[in-house]
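Since the structure comes first, as structure tokens, the remarks are kept for the end.
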Amino acid sequence: MADETKKSVVVVGAGVIGASIAFELQRRGLQVTLIDKGEPGRGTSFGNMASIALDFAAGSGPSTWKKIPGWLLDPEGPVWLWPSYAARMLPWFLRFLAAGRPSRLREIEDAGMSLSNRALGDFREMLQAIGAPELMTEEGCLAIYETEAEFAADRGHLAMMQRYGLEFEVLSNGAIQYYEPTLSPAIAKAVLLPDNKSIRDPYQLVVKLTDAAKAAGTTFVSGTVRNIERRGDGTAVVLLEDGRRIEAGSVVLAAGVHTRFLAEKLGEPIPLETERGYHTQIMKPGIAMRYSVIWPHRAFMVTPTAGGIRVGGNVELAGLDAAPDFRRPRVLVRHAQRALPGLKVEETTEWMGHRPALPDTIPIISPSSKMSGVFYATGHGHLGLTFSATTALVIADMVTGLKPSLDMTPFRIDRY
């Protein structure tokens, strides 16, 4: 290969993960081409809950297993499985249960927290590098509990945070309203998570990352990747649906749940599913919140972001093709008004996106096991924004031949 081809990288996917990777690779002197079928940041990253959530929680485990039947039977519960998609989900769900074995659970927590422990510092440095430190707030997050029973049910998660040295403070009564006066006095308990910051506008973050990458030399290409081939001389050839061919030394697949289709073509299928999530963006909320608020029992979040207040969360298992069911976000808004009695719902938009979810909760950040020069960065689930800067750093290390400072064994693609 010519030297210029060796130094070139194609990044597939221009969400927050792909844009972060493209910026970091370009920053290290490589020539980057960023490809997406749409505009940067207009996919799943557009509608996330703008939260840097350091309190990683494994999805499976005995406490979750006990709740699943009730969730699935509750039409307003935090998890909804479309009956028509149940058979398709069965293999994924069996892997999800296997990931909750006590011995495996601790390994997953260790892996997730190895990313979380770096996430905030790496994110701050990335924002400084693109000249946008103001995009991160300095306020934290409040986890709220309407009853003492709800709080007691979450003690296992609090114990996990304590085990890994995460800071938190339990609040009661008037202390809750001191931090966030808009919350209902009926909230029995809250946990202040001071390091769980928010982003003022997650879409603008991706725009700024992409703009910074392009200013340094990155080329953006609009198109859909069909396949990847490698020639005898080691050059990777990225094939687009419209017939275009882009040659590069390396390729990074960061296309969210759509990465699974390319992985299958490379002969390494991955159990990547979509956890559909919803939000309602309220531009005239009638209140001004200082902190983001998460209600663990109801599995949703309220965040001041994008010029208003965003209410979102839940998990809907229905695949990529089913039409959105906007009854889901309206349930969340009703719950939010219970926690925030002054919340008005005026001038709103509703949105649905596809979180890329793996059954063991931790992402794939890994070289391909089948084709040299191909790397994966996908499956971040609810923590794509949180882990974006750290993922970019370790992928850039891999692409440039450096050894990442983290143990990347738990994140390898062939772990299934």
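Quick caveat, the model's predicted, so the values are computed rather than measured. Only this structure's heavy atoms are used, side chains among them; waters, hydrogens and symmetry mates stay out.
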Locate the shortest heavy-atom distance separating L266 from Y376; write the atom from each residue and the value.
-> CD1-OH, 3.5 Å
Take S60 and R104 through the side-chain contact (heavy atoms from CB on, under 4.5 Å) test and state the conclusion after the steps.
-> CA-CA 10 Å; S60 189; R104 180 69 179 124; over 6 Å; no
Describe, in one word, how the ring planes of F46 and W351 are oriented to each other, choosing from parallel (under 30°), tilted (30 to 60°) and perpendicular (over 60°).
-> tilted
With sequence neighbours left out, what residues match E139 under salt bridge (charged side-chain N to carboxylate O under 4.0 Å, His left out)?
-> R290
Consider only side-chain N and O atoms of Y164 and N117, and report whether a donor and an acceptor are under 3.5 Å apart.
-> no
For atom CZ of R327, is the number of surrounding heavy atoms from other residues, nucleotides or ligands below 6.0 Å larger than 12?
-> no
Which residues satisfy the ring-ring contact (aromatic ring centres under 6.0 Å, His included) test with F151, sequence neighbours excluded?
-> Y145
Side-chain donor-acceptor pairs of residues 208-215 under 3.5 Å, sequence neighbours excluded:
{"from": "T210", "atom 1": "OG1", "to": "V206", "atom 2": "O", "distance (Å)": "2.8"}

Do the side chain of E24 and the main chain of L393 share a donor and acceptor less than 3.5 angstrom apart?
-> no
At what distance, to the nearest 0.5 angstrom, does CG of L30 lie from NZ of K7?
-> 8.5 Å
Side-chain donor/acceptor of T386 to backbone N/O of S51, under 3.5 Å | yes
Side chain to side chain, R124 and L127, heavy atoms closer than 4.5 Å = no
Looking at side-chain heavy atoms only, is the closest gap between W80 and N314 below 4.5 Å?
-> no
Between the side chain of E350 and the main-chain N/O of H279, is any donor-acceptor distance below 3.5 Å?
-> no
From D74 atom CG to R298 atom CZ, the distance as rounded to the nearest 0.5 Å | 8.5 Å
T391 vs S20 side-chain heavy atoms within contact, under 4.5 Å = no
Closest non-hydrogen atoms of P202 and S45, given as atom of the first, atom of the second and distance, are CB-O, 3.9 Å
Has E264 got more than 12 heavy atoms of other residues, nucleotides or ligands less than 6.0 Å from its CD?
-> yes
Minimum-distance pair of heavy atoms, taken over all atoms of I108 and A58 = CG2-CB, 3.8 Å
Is the closest side-chain heavy-atom distance between L385 and L205 below 4.5 Å?
-> yes
So, W295 versus E150: side-chain donor-acceptor pair below 3.5 Å or not?
-> yes
Residue list, ring-ring contact (aromatic ring centres under 6.0 Å, His included) with F326, at least two apart or on another chain = Y278
Spacing of CG belonging to D195 relative to CD belonging to E138, to within rounding of 0.5 Å = 9.5 Å
Heavy atoms, side chains only, cut-off 4.5 Å: are F387 and D122 in contact?
-> no
Is a side-chain N or O of S116 found less than 3.5 angstrom from the main chain of M113, in a donor-acceptor match?
-> no
Answer yes or no: is there a donor N or O on one side and an acceptor on the other, between the side chain of R200 and the main chain of E134, under 3.5 Å?
-> yes
Taking the side chain from T274 and the backbone from H354, do they hold a donor-acceptor pair closer than 3.5 Å?
-> no
N/O donor-acceptor pair under 3.5 Å between T224 side chain and E241 backbone = no
Given T219 and Q31, is the side-chain contact (heavy atoms from CB on, under 4.5 Å) satisfied, shown in steps?
-> CA-CA 8 Å; T219 300; Q31 181 55 55; 4.2 Å; yes
Side-chain heavy atoms of V311 within contact of I282, under 4.5 Å | yes
Would you check if R412 and M408 make a side-chain contact, meaning some heavy-atom pair closer than 4.5 Å?
-> no
Does R328 use its side chain to pair, donor to acceptor, with the backbone of G277 at less than 3.5 Å?
-> no
Correct closest heavy-atom pair for F220 and A14 would be CE1-CB, 4.1 Å
Does K284 pair with E347 as a salt bridge, N-O distance under 4.0 Å?
-> yes
Over all heavy atoms of both residues, which pair between R415 and L358 is shortest? Give the atoms and the distance, please.
-> NH2-CD1, 3.7 Å
Pairs under 3.5 angstrom only: tabulate donor-acceptor contacts from the side chains of residues 86-103 to other protein residues two or more places apart or in another chain.
{"from": "W92", "atom 1": "NE1", "to": "P271", "atom 2": "O", "distance (Å)": "3.3"}
{"from": "W92", "atom 1": "NE1", "to": "A357", "atom 2": "O", "distance (Å)": "3.3"}
{"from": "R101", "atom 1": "NH1", "to": "A98", "atom 2": "O", "distance (Å)": "3.0"}

Should R338 and E76 count as an ion pair when the cut-off is N to O under 4.0 Å?
-> no
Going by distance alone, is a donor N or O of one side chain under 3.5 Å from an acceptor N or O of the other, for R118 and S405?
-> yes
Is the shortest heavy-atom distance from the side chain of L171 to the side chain of L142 under 4.5 Å?
-> yes
From E125 CD over to L120 CG, what is the distance, rounded to the nearest 0.5 angstrom?
-> 12.5 Å
Apply side-chain contact (heavy atoms from CB on, under 4.5 Å) to the pair S8 and T33, showing each step before the final yes or no.
-> CA-CA 8 Å; S8 63; T33 300; over 6 Å; no
How long is the gap from OG on S292 to CD1 on I309, to the nearest 0.5 Å?
-> 11.0 Å
For G13 and L34, work out which heavy atoms get closest and say how close.
-> O-CD1, 3.4 Å
Taken in chain and number order and not counting sequence neighbours, the residues that satisfy salt bridge (charged side-chain N to carboxylate O under 4.0 Å, His left out) with R276 are E316
Please step through side-chain contact (heavy atoms from CB on, under 4.5 Å) for the pair L54 and L193, ending with a clear verdict.
-> CA-CA 9 Å; L54 305 184; L193 305 166; over 6 Å; no
Please round to the nearest 0.5 Å and tell me the distance separating atom CG of L320 and atom CZ of R260.
-> 5.0 Å
Please name the residue in the list V225, T259, V11 that meets the side chain to side chain contact (heavy atoms under 4.5 Å, CB included) test with L253.
-> T259
Check against salt bridge (Lys or Arg N to Asp or Glu O under 4.0 Å), D397 and R28 = CA-CA 10 Å; D397 285 346; R28 297 196 189 189; 2.7 Å; yes
K37 atom NZ, neighbour heavy-atom count above 12 within 6.0 Å = no
